[in-house]
Amino acid sequence: MIEFKYAKGFVDEAEYQKVIDVTRTYVARAEQDAFGGWVNLPINYDKVEFERIKKAAKKINDDSDYLVCIGIGGSYLGHRAVIEALGGEKGRTKILYAGNSLSVRSIRRIVDQIGDADFSVNVISKSGTTTEPAVAFRIFKQMLIDKYGTEEAAKRIYATTDAAKGALHDEAVAKGYESFVVPDNIGGRYSVLSAVGLLAIAVAGVSIDALMDGAAEERTALISDGGAAAEYAALRNVLLTKGFNIEILANFEPQFTYFNEWWKQLFGESEGKDEKGVFPASVIDSTDLHSMGQYIQQGRRNLFETFVEVTRDYADMMVPVTEDNLDGLKYLEGRELDYINKTANAATREAHVAGGVPVLEIVMPDIDERSIGGLIYFFEMSCALSGFTLGVNPFDQPGVEAYKTRMFELLGKPGYEK
């Protein structure tokens, strides 16, 4: 559910209605796009592969203390977002993330953490030639071979890649790695509910059945005219025309830190083209109220906020009662900590609105698999509709190649000589 009563004062109702009428028409366009496979994925996913994913996850849980997930961008942010939002790994196997940078310090830290423990690798790359994950895969593949030998190492490598071609696909076939498919019709940042994200999520002990069920329920709610996703997409585009060109995703649960990162990639890479788009930023409150809060309250009035709120009450922790009142918290004794957090949320929202910041609210019932699956689908649909409304293609990323071309020139890659 989306609530935008705190933003309506900044938007002309007639102008908003005109934009949303157009935005709603783009649902069919998203579904029919060559990269719109995510639209019906929650009901059309490969059931046979889905069961293989669960079986592979069980094997990894049985034989590995660590799973090193190697990928960058949409090949790692999505599943990390889900796992951390749901409280982290539930069983023996801990997830480590490599291939998302070229930092030797980061790689060394992972190598040292693994030590002599048992581990497996899930390398996620459609081509197998993207520099960051390809370098990391070489390093951890060699570690597996040194520890287990070539034959056993191959049994601990899981390749999520193209179904028919590419360097990683060909290596997986030649070496006998168990493989899962990166769908041709789904771009990386929309792929978390495909095999790209599901293996790591299943290894972490998350019910991928419930995750997909939540996404399927949200699809049912949005598939006709975009529903709340169209409202959100239209409103952010209207706010952009009013000069609000920065959106801050605000959450009062620290476990949503990487969900925020996934959201930033989703909207930033989808809309940041042709010198257009809302710049996506994020905060985790109340922590960031003691750093970014000052700017949001009184800085330039070119930003708006989207609060993610959870309706379920968590009544399992209260402020203890003490004899003295040295910390001045007597008035909070016996109060539930979740109630205090929600009150801080409400106070922040009201203060920022009073300070001239439009505020949107996205309300979810709980932090569980079904709710997270629904939230992922909501943002994916919102992003597609928002991009089309803005007048850009929300499924490509032509600007990403610029740094790669220059890097290849500087490193002397054949074919990229200056």
Side-chain angles (χ1 to χ4, degrees), residues 1-11 77 80-81 84-85 87 232 235-240 242-268 271-272 277-314 317-319 325-333 335-364 367 372 375 378-379 382 386:
M1 183 178 71
I2 184 165
E3 175 60 65
F4 49 91
K5 62 185 178 184
Y6 295 104
K8 280 194 170 181
F10 299 85
V11 172
L77 277 174
R80 187 168 190 176
E84 296 198 10
Y232 173 51
L235 191 56
R236 64 196 307 276
N237 273 276
V238 174
L239 287 169
L240 177 60
K242 304 295 183 184
F244 296 102
N245 59 2
I246 297 174
E247 179 179 10
I248 298 177
L249 188 68
N251 200 293
F252 275 70
E253 296 294 341
Q255 65 201 59
F256 272 79
T257 297
Y258 263 90
F259 197 97
N260 288 359
E261 294 302 310
W262 170 80
W263 174 86
K264 285 191 285 190
Q265 187 214 1
L266 179 67
F267 279 88
E271 291 193 329
V278 176
F279 183 83
S282 66
V283 294
I284 295 292
D285 293 330
S286 60
T287 304
D288 287 335
L289 292 177
H290 297 262
S291 56
M292 293 299 293
Q294 171 62 38
Y295 190 97
I296 296 171
Q297 188 69 47
Q298 295 183 328
R300 293 182 63 194
R301 301 297 77 183
N302 64 335
L303 56 87
F304 66 98
E305 283 184 286
T306 298
F307 282 70
V308 177
E309 303 183 16
V310 182
T311 56
R312 178 188 167 187
D313 293 326
Y314 294 84
M317 187 171 292
M318 296 184 178
V319 177
N325 189 33
L326 297 176
D327 53 14
L329 294 182
K330 204 71 176 176
Y331 73 106
L332 292 179
E333 288 184 347
R335 294 278 184 95
E336 294 165 358
L337 191 56
D338 188 57
Y339 168 78
I340 299 171
N341 193 40
K342 283 184 168 65
T343 302
N345 185 324
T348 303
R349 181 182 62 233
E350 292 174 16
H352 289 178
V353 171
V357 179
V359 168
L360 317 180
E361 298 171 275
I362 294 173
V363 183
M364 55 191 296
I367 304 177
I372 293 295
L375 189 62
F378 171 84
F379 277 131
S382 300
S386 184

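Computed from a predicted structure; not experimentally measured. Computed over heavy atoms, backbone and side chain alike; hydrogens, waters and symmetry mates excluded.
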Output the distance between atom CD1 (Ile362) and atom CG (Leu375), rounded to the nearest 0.5 Å. 6.5 Å
Applying side-chain hydrogen bond (donor to acceptor under 3.5 Å, both in side chains) to Lys342 and not counting sequence neighbours gives Asp338
Nearest heavy-atom approach of Ile367 to Ala85 is CG2-O, 3.2 Å
Donor-acceptor pairs are to be reported for all side-chain atoms of residues 285-292 against protein atoms at under 3.5 Å, with residues two or more places apart or in another chain.
| from | atom 1 | to | atom 2 | distance (Å) |
| --- | --- | --- | --- | --- |
| Asp285 | OD1 | Leu289 | N | 3.4 |
| Asp288 | OD2 | Ile284 | N | 2.7 |
| Ser291 | OG | Asp288 | O | 3.2 |

Step by step, would you call Phe256 with Leu249 a side chain to side chain contact (heavy atoms under 4.5 Å, CB included)? CA-CA 10 Å; Phe256 272 79; Leu249 188 68; over 6 Å; no
Step by step, work out the side chain to side chain contact (heavy atoms under 4.5 Å, CB included) result for Tyr6 and Val357. CA-CA 9 Å; Tyr6 295 104; Val357 179; over 6 Å; no
Would you confirm whether Glu3, through its side chain, and Lys5, through its main-chain N or O, come within 3.5 Å as a donor-acceptor pair? yes
Go through the structure and list residues passing salt bridge (charged side-chain N to carboxylate O under 4.0 Å, His left out) with Arg236, not counting sequence neighbours. Glu247, Glu271
CZ of Arg300 to CD1 of Ile246: how many Å apart, nearest 0.5 Å? 7.0 Å
Just how far is it from atom CG of Leu240 to atom CG of Leu235, taken to the nearest 0.5 Å? 11.5 Å
Pair Leu337-Met318, side chain to side chain contact (heavy atoms under 4.5 Å, CB included): steps then yes or no: CA-CA 5 Å; Leu337 191 56; Met318 296 184 178; over 6 Å; no
Asn260 and Thr257, any side-chain heavy atoms less than 4.5 Å apart: no
For a quick test of reading the model, state the closest non-hydrogen atom pair linking Leu239 to Phe10 and the distance between them. CD2-CB, 4.2 Å
Under 6.0 Å from the CZ atom of Arg335, do we count more than 12 heavy atoms belonging to anything else shown? no
Side chains of Asn341 and Tyr314 in contact at under 4.5 Å (non-hydrogen atoms): no
Quick one: are Val363 and Ile2 in side-chain contact, heavy atoms under 4.5 Å? no
Checking Asn325 side chain against Lys330 main chain: does a donor-acceptor pair fall under 3.5 Å? yes
So, taking the atom named OH in Tyr258 and the one named CD in Glu84, what distance separates them when rounded to the nearest 0.5 Å? 6.5 Å
Once side-chain hydrogen bond (donor to acceptor under 3.5 Å, both in side chains) is applied, do any residues pair with Glu350, and if so which ones, sequence neighbours excluded? none
Parallel, tilted or perpendicular: which one describes the rings of Tyr232 and Phe378, with boundaries at 30° and 60°? parallel
Answer whether the closest heavy-atom distance between the side chains of Ile248 and Thr306 falls below 4.5 Å. no
Residues in side-chain hydrogen bond (donor to acceptor under 3.5 Å, both in side chains) contact with Lys8, at least two apart in sequence or another chain: none
Close side-chain approach of Phe279 and Phe267, heavy atoms under 4.5 Å: no
Could you pull out all residues at least two apart from Glu336 that satisfy salt bridge (charged side-chain N to carboxylate O under 4.0 Å, His left out)? none
Taking the side chain as every heavy atom from C-beta outward, state whether Glu309 and Glu361 have any atom pair closer than 4.5 Å. yes
Closest contact, heavy atoms only, Arg301 versus Gln297: NH1-O, 3.3 Å
What do the steps show when you test Val353 against Val359 for side chain to side chain contact (heavy atoms under 4.5 Å, CB included), and what is the final call? CA-CA 6 Å; Val353 171; Val359 168; 3.6 Å; yes
So which heavy atom on Phe307 is nearest to which on Phe252, and how close? CE2-CE1, 3.8 Å
What one should report as the nearest heavy-atom pair of Ser282 and Glu261 is OG-OE2, 4.4 Å
To the closest 0.5 Å, what do you measure between CD (Glu253) and CG (Asn345)? 9.5 Å
Strictly under 6.0 Å, is that where the ring centroids of Trp263 and Phe259 end up? no
One should read off an interatomic distance between Phe244 CZ and Glu305 CD, to the nearest 0.5 angstrom, of 12.0 Å
In short, Trp262 meets Ala81 closest at the heavy-atom pair CB-CB, 3.9 Å
